[in-house]
Novice: 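Before anything else, here's the structure in question.
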Amino acid sequence: MRNSTKFLFVLLFSPFLSVGQFNFEYDDSIGVRIGTDTLAHAWVGGLNYAQFSDIDIDFDGDLDLFVFDRSSDNIRIFTHENDGAGPYYKYLYRGKTQLPSDIRYRATAIDYNADGANDLFVYGVGGIKVYRNTGNAVNGNQWEVAKNLLYSDYSGTSLNLYVSSADIPAIVDVDNDGDIDVLTFHIGGQHMQYHKNISMETYGVPDSLEFILKNECWGKFREDITTSVLYLNDNTGPCSANVPNPEYPSHPDDLKSKPSESYPKHSGSTVLAIDMDNSGVKDLILGDVAFSSMSLLMNGGTDVNTNSAMISQDNAFPSNSLPVDLQLFPAAFWVDVDFDQKKDFIAAPNAKNVSQNEKCVLRYKNLGTNAVPTFVYQENDFLQGEMIDHGTGSIPVFMDFNNDGLEDMFVTSFYRYKPVLDKECGISFYKNTGTATQPFFTFIDNDLLNLSTVQIGLRKVPTFGDLDGDGDKDMILSLENGSLSYYANTSVAPGITFANPVINLADNTGTVIATGAYATPQLFDLDKDGLLDLIIGKKTGELAYYRNTGSSSVPSFTLENDTLGNIDIATTSPDGYAAPHFFRHNDTTFLFLGSVDGKLHFYTDIDGHLTSGDTFSLYSDNFLDIDAGAYSSFWVNDIDNDGFLDLFIGQDLGGITHLEVKPGSTAGIDETIKTMELNVFPNPTNGFIRAASTSATFRFILTDLFGKTILFDEEFTFEKEVDLSSQMAGMYLLISEDDNGNRSVKRIVKR
């Protein structure tokens, strides 16, 4: 007989269960309406500083949309679908798991070896890293490093092909010979380098990535150091000798032999190279780090003269339509996003933390052809306009504001862009206009109580609860400086009104409660005495616990523990931005803790461990493999009253993602361990189930969704009856193992 204690430990704490036992899956069935539009991608999670390219992620022969967001290196993938009513994009949750894990700063998908599958060109230290696409429909997405770093021949010396981490180069076939070249600004940022790929010349095929610097001043133009002015027919610096392989120093290593004043620097540019007039040579659409417009440079050459000079410029591109105007540092992308086989023009900001982070993806429809495109403005919120999106660092908070039995949704954030080049924070209100079993959120207000106009800073986080015993929900609001304000609810349906705030909320001793900047509060009856306590997540990564020692109508908060649960999630940096969400399941308290790392930190063993020195059990610091990029936050409820938990995730890109426990699904469980044959019936059940196996002997453990043991049996043969009649309605896991180590995980639905 196997050791049952060891078996129990392995089942409860093995990595596959710590990830999979909740069985939360992405769910977009809850409708959200803004104005008259029911959002197509409501729960995708937002966009900030997006980059766009094509990729066939599902191997179905059509091109899907790959969106890389410079803000904390987020990835969104939208598959190209067609259900008979026409083509559309469908969000692929966790699509980033189909790609390499080390993508930073920039990414674009391009087929460099002409095998029909787009490869990945991403940031490498000081330049460009390339992943070869080796996946297929049978084996799925697979990637091999083709080059850890691209190198180029700089006048006889092989050095890394330098591209600033801030820049977006043009990776395109410049000379029309069938292989992929690179156009990028040199280290000073004033002149365009042309790095020619010599794969076709050397091997007759495009599958090699060997480059030589062919022109230090391609296009014969210069960008001004401090402005967006472009000088055509420039004759300064490298442009004075516009020949292949010039001797003018062009690489960071060359700085060792040149005084720094020889390299005036222009600090950032984005480049899109396309042939606008079917002349056979590439024209350029440029974005500048310090400006909001884009410029088009027209090339005066032909396909037999790819080193020709630029002859004209449009500094308000596209001047035939509404010109690009994006704060700050716009980048351009050329991709078909409306399924008409003509590549459209997309512009999005590229400066992290200072650019626009709402309504900042401009779409221009191509009304011409791919050979001679004509771009006409359509919208300033492509994809974003179909999402919940409120800037950077969103935090969802749910509360039944009007006591109609339906929880409404409030979304705050770290900040949202405010013209011009400023930031603000407001709270958005989505009223639940659905039913108890079919929630539906309708956008009501983007600035609850006009809080964005009050000079109280960024990352204002509300928490709600009836603190004065009058039957409605009052609000405690954290301010940027770490202090709290108390707003008594004075609403009369259907409005939302609060009394003037009591600022600098104090504890029972009269001391102002202040736990440091960017605090995240939660009202929750932590000690189960019927009174709402106050827990505050600190920027520094700890939790403070103020126990309510007052009454149901007159709260009084007493500092009980300044390091609740002995938690400190700021382990790799000074900041943690702890965002607590305590909740109960089957009368047991659990904690989902958000953090600046974008992960879900899951804690158990909370009840009875609230005093100083007590430690919560860290079940996982990356639960469910959730990666919100940065500034994660969480809310758990049963919004549709179906007995299965819902999970709402706030994240760096300013939107909300919704997941729900899905009965009967095996998502999140490692398929390689489900080798034991086990039949369970009836399922769902009102009472008893029978578990039958072909194995001679096997053991089982029945847990709830949080790993708490409900039943455990040492050993039985072929078949076992399990009594669930005394268990609450919900979902459970029946985990079994036979003598050969084969395992089975079955989800049991108790009605």
Side-chain angles (χ1 to χ4, degrees), residues 44-58 63-79 89 91-92 94-113 117-135 141-150 160-172 180-184 209 268-273 287 329-337 343 346-352 355 360-361 382-383 598 627-630 651-653:
V44 167
L47 294 174
N48 283 350
Y49 319 119
Q51 303 170 19
F52 298 84
S53 56
D54 286 322
I55 192 169
D56 185 4
I57 201 74
D58 51 10
L63 289 175
D64 309 304
L65 187 61
F66 169 41
V67 185
F68 173 79
D69 201 295
R70 197 179 189 93
S71 185
S72 65
D73 305 322
N74 274 273
I75 288 173
R76 304 278 191 259
I77 291 180
F78 297 84
T79 59
Y89 282 127
Y91 175 56
L92 179 63
R94 289 174 55 81
K96 69 178 299 179
T97 63
Q98 306 296 314
L99 302 174
S101 60
D102 63 343
I103 301 177
R104 297 187 299 151
Y105 297 124
R106 60 174 177 264
T108 188
I110 302 167
D111 182 9
Y112 80 87
N113 55 3
N118 280 2
D119 311 290
L120 288 177
F121 287 69
V122 303
Y123 173 77
V125 179
I128 301 172
K129 181 176 184 177
V130 181
Y131 282 96
R132 183 187 301 113
N133 187 341
T134 60
N141 286 284
Q142 298 183 1
W143 304 90
E144 293 179 357
V145 176
K147 294 284 184 178
N148 270 310
L149 204 59
L150 291 184
N160 69 290
L161 198 166
Y162 177 75
V163 181
S164 164
S165 62
D167 285 6
I168 296 179
I171 304 172
V172 63
I180 297 298
D181 312 299
V182 177
L183 294 172
T184 184
L209 295 165
S269 296
T270 62
V271 187
L272 174 64
F329 196 11
F333 308 95
W334 197 36
V335 58
D336 177 19
V337 296
K343 292 186 177 182
I346 306 293
N350 190 52
K352 182 178 177 181
S355 296
C360 59
V361 181
F382 171 62
L383 292 178
D627 185 1
Q651 52 212 281
D652 182 46
L653 299 190

Novice: Mind checking the CZ-CD1 spacing from F333 to I346? Nearest 0.5 Å is all I need.
Specialist: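 That separation rounds to 9.5 Å.
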Novice: Report the relative orientation of the aromatic rings in Y112 and F121; use parallel for angles under 30°, tilted for 30 to 60°, perpendicular for over 60°.
Specialist: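 The rings of Y112 and F121 stand perpendicular, inter-plane angle above 60°.
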Novice: I need the minimum non-hydrogen distance between A109 and D54, along with the two atoms involved.
Specialist: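 Closest approach of A109 to D54: CB-O, 3.0 Å.
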Novice: Any chance you could measure I128, atom CD1, to K147, atom NZ, to the nearest 0.5 Å?
Specialist: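 One gets 13.0 Å once the value is rounded to the nearest 0.5 Å.
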Novice: If the condition is ring-ring contact (aromatic ring centres under 6.0 Å, His included), which residues does Y123 pass it with, not counting sequence neighbours?
Specialist: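 Listed in chain order: Y105.
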Novice: Which heavy atom of V182 sits nearest to which heavy atom of P169, and what is that distance?
Specialist: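 In this case the closest contact between V182 and P169 is CG1-CB, 4.4 Å.
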Novice: Ignoring hydrogens and geometry, is there a side-chain-to-backbone donor-acceptor pair from Q51 to F68 under 3.5 Å?
Specialist: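 No; zero donor-acceptor contacts below 3.5 Å.
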Novice: Is there a donor in the side chain of S72 and an acceptor in the side chain of D652, or the other way round, less than 3.5 Å apart?
Specialist: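 Distance-only check passes for S72 and D652.
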Novice: Locate the shortest heavy-atom distance separating G46 from R76; write the atom from each residue and the value.
Specialist: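 In this case the closest contact between G46 and R76 is O-NE, 3.5 Å.
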Novice: Before giving the answer on side-chain contact (heavy atoms from CB on, under 4.5 Å), spell out for N148 and K129 the whole-Å C-alpha distance, their side-chain angles and the decisive distance to 0.1 Å.
Specialist: CA-CA 5 Å; N148 270 310; K129 181 176 184 177; 3.4 Å; yes
Novice: To the nearest 0.5 angstrom, please state how far the OG1 atom of T270 sits from the CG atom of N350.
Specialist: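 Separation between the atoms: 6.5 Å.
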Novice: Looking only at heavy atoms, what is the nearest atom pair of L653 and G45, with distance?
Specialist: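 Smallest heavy-atom distance, with atoms named: CB-O, 3.4 Å.
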Novice: Side-chain contact test, heavy atoms from C-beta onward, threshold under 4.5 Å: evaluate it for Y162 versus T184 and give yes or no.
Specialist: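 Side chain of Y162 against side chain of T184, heavy atoms only: no contact under 4.5 Å found.
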Novice: Measure across Q651 and V44 and return the closest heavy-atom pair with its distance rounded to 0.1 Å.
Specialist: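 In this case the closest contact between Q651 and V44 is OE1-O, 4.4 Å.
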Novice: Is the backbone N or O of I57 less than 3.5 Å from a side-chain atom of D64, with the two atoms forming a donor-acceptor pair by type?
Specialist: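 Checking the backbone N and O of I57 against the side chain of D64, a donor-acceptor pair under 3.5 Å is found.
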Novice: side-chain contact (heavy atoms from CB on, under 4.5 Å) with F66: which of L120, N118, D56?
Specialist: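 Result for side-chain contact (heavy atoms from CB on, under 4.5 Å) with F66: L120.
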Novice: Indicate whether the side chain of Y131 and that of D102 have a donor and an acceptor atom separated by less than 3.5 Å.
Specialist: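 Side chains of Y131 and D102: pair found under 3.5 Å.
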Novice: Between W143 (side chain only) and Q98 (backbone N and O only), is there a donor and an acceptor less than 3.5 Å apart?
Specialist: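 Checking the backbone N and O of Q98 against the side chain of W143, a donor-acceptor pair under 3.5 Å is found.
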Novice: Rounded at 0.5 Å granularity, tell me how far OG in S53 sits from CG in L63.
Specialist: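 Answer for the OG-CG pair, S53 versus L63, is 10.0 Å.
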Novice: Do you know which two heavy atoms are closest between R106 and S165, and how far apart they sit?
Specialist: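 Heavy atoms only, the tightest pair is NH1-CA, 3.7 Å.
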Novice: At what distance, to the nearest 0.5 angstrom, does CG of D69 lie from NZ of K352?
Specialist: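 NZ of K352 is found 9.5 Å from CG of D69.
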Novice: Dump the intermediate steps for side-chain contact (heavy atoms from CB on, under 4.5 Å) on V361 and L383, then the final yes or no.
Specialist: CA-CA 8 Å; V361 181; L383 292 178; over 6 Å; no
Novice: Let's go through N141 and L99 carefully: what are the C-alpha distance in whole Å and the side-chain angles of both, what is the deciding distance for side-chain contact (heavy atoms from CB on, under 4.5 Å) to 0.1 Å, and is it a yes or a no?
Specialist: CA-CA 7 Å; N141 286 284; L99 302 174; 5.6 Å; no
Novice: If you measure from OG1 on T97 to CD1 on I75, what distance do you get to the nearest 0.5 Å?
Specialist: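 Going from the OG1 atom of T97 to the CD1 atom of I75 covers 9.5 Å.
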Novice: Are side-chain heavy atoms of P349 and F329 found at a separation under 4.5 Å?
Specialist: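 The answer is no, as the side chains (C-beta and beyond) never meet within the 4.5 Å cut-off.
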